[in-house]
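Down below is the structure, laid out as structure tokens.
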Amino acid sequence: MSKIRKIAILTSGGDAPGMNAAIRAVVRGALYHGLAVMGCQRGFQGLIENRLQEMSSQSVSNIIQRGGTILESARSEAFRRVEGRRLAYQHLSAHGIDALVVIGGDGSFTGASLLAGEFDFPVVGIPGTIDNDLDGTDHTIGYDTALNTVVEAVDKIRDTASSHRRLFFVEVMGRDAGFLALHSGIACGAEAILVPEVHSDYQALDAYLGGSRIKGKSSSIVLVAEGEHCGGALKAAEWVAREHPEYDVRVSILGHIQRGGAPSAMDRVLASRMGVAAIEALLAGERDVMIGVINHEMVRVPFEQAIKHKKRLQPELLTLIEVLSI
Ligand code: F6P
């Protein structure tokens with residue numbers, strides 16, 4: 001028999017579309033199994049500030065379709081220190097909470113894992129980040145929606161790029177990961193991509209531009225992940241404008257529109273499955289694990305693996321861009 005009677009839930013780090021659907025699934029999954037649930041506002045910072053409130057089935061009505069997170073999110077500096085985590089643990093204990101569900105990305109799971117280890121407290125993570133950069137899961141919540149947002153934006157940019165025979169550098173989110181850039185690049189027929197995982201430099205860009213000139217392309221789209229090594233879309237565009245004045249270069253930085261909006265059906269289903277799987281994991285005595293999806297099946301992955309192992313871009317997808325941009 002599980003000793004867990006009451007859980008808390010929070011969202012942490014950058015918000016992602018589908019986090020609300022995951023909150024709903026955790027709350028209703030917990031209630032279904034007879035557990036009480038408290039929601040914590042503003043992530044780990046909220047735990048430190050004791051911002052916990054009882055949640056009911058009604059508190060998560062009408063949110064499955066909404067972007068953002070009703071629990072709000074934060075990147076907490078105080079939680080990086082053991083004193084902050086101790087205060088958070090004291091508040092959890094004072095409310096009689098036996099376990100915590102954290103929806104977030106790698107930074108959030110690093111904090112979650114520390115809390116679990118230091119205070120022997122059960123914590124289960126649900127991957128919510130548009131970056132899709134957690135190992136041990138094929139997809140993270142929010143990635144599919146963000147990918148579709150990027151694709152819609154780049155399609156529009158292509159209309160004007162081809163009308164004016166321009167070269168566009170489109171910058172997408174991804175400080176350390178190129179999943180959004182690579183997959184949207186394929187989906188939008190980009191001529192090239194720049195991602196953090198591949199050490200591109202201006203020589204590589206030069207080679208690409210030379211090739212594109214030979215091919216006689218009149219307009220081009222280059223998808224740039226913000227964390228790539230040339231210094232981002234603005235730097236790359238400045239360099240091309242200086243070295244290749246024959247190009248009419250423009251830059252479009254998509255920014256935070258990628259994080260907002262109604263979650264896609266894929267993200268809603270994924271979030272619903274993961275939320276209930278998180279409760280089942282806690283009831284089965286799991287702690288210090290993230291819920292993942294591998295080949296459409298729910299899995300439990302140690303936090304350590306999710307955080308420390310870098311999820312790789314599929315090399316064949318990198319080649320695909322080259323093949324398809326001839
Ligand atoms: O971690 C997700 C992410 O969207 C990154 O891709 C991006 O670099 C970062 O968040 C931006 O965070 P903030 O909203 O705090 O500027």
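Counting from 1, the numbers follow the sequence of the chain as shown. We use all heavy atoms of the structure for the numbers below, so side chains are in, but hydrogens, waters and symmetry mates are not. Just so you know, ligand 1 is whichever comes first in the structure, and atom 1 is the first atom listed for that ligand.
In this structure, a donor-acceptor pair under 3.5 Å is absent between the side chains of D15 and S73. Between T145 and D267, the side chains place a donor N or O and an acceptor N or O closer than 3.5 Å (distance only, hydrogens not considered).
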Validation: residues 170-185 side-chain donor-acceptor distances under 3.5 Å, sequence neighbours left out:
unit_1, atom_1, unit_2, atom_2, d
E171, OE1, A233, N, 2.8
S184, OG, L180, O, 2.6
S184, OG, A181, O, 3.3

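Annotation: ligand 1 has protein neighbours R75, I130, D131, M173, G174, R175, E226, H256, R259, each with a heavy atom less than 4.0 angstrom from the ligand.
Atom-to-atom distance recorded for I279:CD1 and I126:CD1 is 7.5 Å, nearest 0.5 angstrom.
Relative ring orientation between Y89 and F121 is described as perpendicular, the plane-to-plane angle rising above 60° on a 0-90° scale split at 30° and 60°.
By the 6.0 Å contact criterion, CD on E72 is enclosed, its count of non-hydrogen atoms from other residues, nucleotides or ligands being greater than 12.
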